[in-house]
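Okay, structure first, notes after.
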Amino acid sequence: MSSRCITNPELFSGLTEVDVNFEKFFLIGRPKKISADFTIRLTEYTYLPKIAEPRRDWVASVAVPAFIAHGSRNTVHKFATIGTGGGLDAVAALEIFDLEKLAITDLHPTVVAAAAHNIRAAAGSNAALFNTVQNLIAIPGDICTPLAGEVGQFDLIYENLPNIPIDAGHILDSGQTSSTYVPTRTEAIPSVATNNLLALHWLALEQAKHILSPTGAIISSMGARVPISSLVSMARSAGFNAHVLIYTWKIQSEPEEVIGGYKRSQEAGLGPFYFYPASVLESTFESLSPMAAGLNAVDIEHQISPHRLNAIEAYNAYKAGTIVAHTVAVIRSTPVTDILREA
């Protein structure tokens, strides 16, 4: 990684540009469409991609295998990513799918502007990507609402939204807080979502119904810190058929902030939330592809359950020097039709 103005490798304030080598970061070989090397811009509000540690990064370790798994059985021409951050999830989608339409959203206007620049930088001079990138839809706003006018458009929507309500006394305009969100919402959100810190995922599903194509799907990338059954139940409560697309794991990034946030939520009566020693998950998933693990996710979850640490135990283990990790489930959801509802 080559970078300029780095002040903190995890929660940065001064980072402005990072050089990305496609092969080293995305881990899927040489690119066929995207530039082999490109530079991305990051604002003070952009979630910091873990360029030097892809195993810690949501795009490299989760989104990429999820896109490959979905694309193995489905054609995707129109794609939207909700909460894009640095835009690398959209870059992966451009490489993996044959996109005719691409849309990105995030809460901060500066984040969206930087992500749009990053997508264009990654596409470079590839003529095959020119029209898609030239017509990129890049709109800031809350979850899917910026795309409300794109009724029935998208074959696939991807979201990896934050779970932890932001602490009192902090505001989103104070810097990088992409693992957290402002908890006050006016929508009636079911308890299976609120009790498990899945509120934004439920809202994304609810809002996505109107912008999905008739055969479209939304894939929700979620740290499986609650049982897989709760993740699936959350999606079903929003009116979707749902199943595990891939199952994998990642080392917990920003452990002080994230594990600490889950610890406080558990102490407040939510959850419980579960983590694992990284060594356990590494050995468990070592010989499994994310897609193969997805087919056996519930059995694997049962297999590793003796090693799980609730959020309080995980925080204490982290403080004692243990590398703490968590499982990740990407849930693929398709809307339940009105006919099926009546049946």
Q) With no hydrogens and no angle check, do the side chains of Asp89 and Thr81 hold a donor and an acceptor under 3.5 Å apart? A) yes

Q: Apply salt bridge (Lys or Arg N to Asp or Glu O under 4.0 Å) to the pair Lys24 and Asp37, showing each step before the final yes or no.
A: CA-CA 10 Å; Lys24 291 180 180 178; Asp37 296 280; over 6 Å; no

Q. Rounded to the nearest 0.5 Å, how far apart are CG of Leu231 and OG of Ser220?
A. 9.5 Å

Q) Side chains of Ser61 and Arg56: does their closest heavy-atom pair fall under 4.5 Å? A) no

Q. Is there side-chain contact between Glu267 and Ile312, with heavy atoms separated by less than 4.5 Å?
A. yes

(Q) Just so I know, are the side chains of Val18 and Arg41 near enough to count as touching, which here means a heavy-atom distance under 4.5 Å? (A) no

(Q) Test of understanding: clusters of I, L, V, M, F, W, Y form through side-chain heavy atoms closer than 4.5 Å, transitively. Do Val192 and Ile218 belong to the same one? (A) yes

Q. If Ile, Leu, Val, Met, Phe, Trp and Tyr residues are connected whenever their side-chain heavy atoms lie under 4.5 Å apart, and connections chain through other members, are Met291 and Trp249 in the same group?
A. no

Q) Does the side chain of Asn74 come within less than 4.5 Å of Leu156's, by heavy atoms? A) no

Q. Of the non-hydrogen atoms in Ala292 and Ser289, which two are nearest, and what is the gap between them?
A. N-OG, 3.0 Å

**Q.** Heavy-atom neighbours of His302 NE2 exceed 12 at 6.0 Å
**A.** no

Q.
Taking Phe97 as the starting point, is it possible to reach Phe26 by hopping between hydrophobic residues whose side chains are less than 4.5 Å apart?
A. yes

Q. Would you say the side chains of Ser237 and Trp202 form a donor-acceptor pair under 3.5 Å?
A. yes

Q) With a 4.5 Å heavy-atom cut-off, do Ile104 and Ile137 have their side chains touching? A) no

Q: Answer yes if Ile28 and Val62 sit in the same cluster of Ile, Leu, Val, Met, Phe, Trp and Tyr residues linked by side chain heavy atoms under 4.5 Å apart, and no otherwise.
A: yes

Q | Glu159 side-chain N/O to Leu161 backbone N/O, donor-acceptor pair under 3.5 Å | A | yes

Q. Can you tell which of Val111, Val112, Ile82 makes a side-chain contact (heavy atoms from CB on, under 4.5 Å) with Thr105?
A. Ile82

(Q) Please check: side-chain N/O of Gln266 versus main-chain N/O of Ala311, any donor-acceptor pairing under 3.5 Å? (A) yes

Q.
Under a plain distance cut-off of 3.5 Å, with no hydrogens placed, do Glu254 and Tyr47 share a side-chain donor-acceptor pair?
A. yes

Q) Is there a path from Tyr274 to Met222 through hydrophobic residues (I, L, V, M, F, W, Y) whose side chains come within less than 4.5 Å of each other? A) no

(Q) Both conditions, 6.0 Å and 45 degrees, for the charged tip of Lys78 above the ring of Phe154: are they met here? (A) no

(Q) Nearest 0.5 Å, please: how far is NZ in Lys250 from NE2 in His326? (A) 4.5 Å

Q) Taking atom types as modelled, is there a side-chain donor on Ser230 or Ser233 under 3.5 Å from an acceptor on the other? A) no

**Q.** Heavy-atom check, side chain of Leu309 versus side chain of Pro277, under 4.5 Å
**A.** yes

Q. Roughly how far, to the nearest 0.5 Å, is CG of Leu136 from CG of Leu129?
A. 12.0 Å

(Q) Tell me whether Arg225 forms a cation-pi arrangement with Phe273, defined as NZ or CZ under 6.0 Å from the six-membered ring centre and within 45 degrees of its axis. (A) no

Q) Does Ser35 reach the main-chain N or O of Phe38 with its side chain, forming a donor-acceptor pair under 3.5 Å? A) no

Q. Does the ring centre of Tyr247 sit less than 6.0 Å away from the ring centre of Phe285?
A. yes

Q. Does the pair Ile68 and His70 meet the rule for a side chain to side chain contact (heavy atoms under 4.5 Å, CB included), with working shown?
A. CA-CA 6 Å; Ile68 292 171; His70 180 84; over 6 Å; no

Q | Steps toward side chain to side chain contact (heavy atoms under 4.5 Å, CB included) verdict (Leu205, Ser333) | A | CA-CA 8 Å; Leu205 288 161; Ser333 303; 3.8 Å; yes

Q) Is it true that a side-chain atom of Asp106 and a backbone atom of Thr84 form a donor plus acceptor pair closer than 3.5 Å? A) yes

Q. Cation over ring, Lys101 on Phe79, under 6.0 Å and within 45°?
A. no

Q. Do the side chains of Val133 and Leu94 get nearer than 4.5 Å, heavy atoms only?
A. yes

Q. Would Phe25 and Lys50 count as a side chain to side chain contact (heavy atoms under 4.5 Å, CB included) if you check the C-alpha gap in whole Å, the side-chain angles of each, and the deciding distance to 0.1 Å?
A. CA-CA 9 Å; Phe25 178 68; Lys50 312 301 184 290; 5.7 Å; no

Q.
Looking at Arg308 and Glu313, is there a salt bridge between them, counting it only when a charged N and a carboxylate O are closer than 4.0 Å?
A. no

Q.
What I'd like to find out is whether the side chain of Leu27 reaches to under 4.5 Å of the side chain of Val64, using heavy atoms alone.
A. no

**Q.** From CA spacing to verdict: side chain to side chain contact (heavy atoms under 4.5 Å, CB included), Val232, Ile331
**A.** CA-CA 7 Å; Val232 172; Ile331 304 298; 4.2 Å; yes

(Q) Measuring from atom OG1 of Thr322 to atom CD of Gln252, what distance do you get when rounded to the nearest 0.5 angstrom? (A) 14.0 Å

**Q.** Sub-6.0 Å ring centroid separation between Phe275 and Tyr262
**A.** yes

Q: Show the numbers, then the answer: is there a salt bridge (Lys or Arg N to Asp or Glu O under 4.0 Å) between Glu95 and Lys33?
A: CA-CA 6 Å; Glu95 176 67 26; Lys33 305 173 192 175; over 6 Å; no

**Q.** Interatomic spacing from CE in Met234 to CG in Leu197 - rounded to 0.5 Å
**A.** 11.5 Å

**Q.** Atom pair CG (Leu88) and CD1 (Ile51), whose distance is rounded to the nearest 0.5 Å
**A.** 5.5 Å

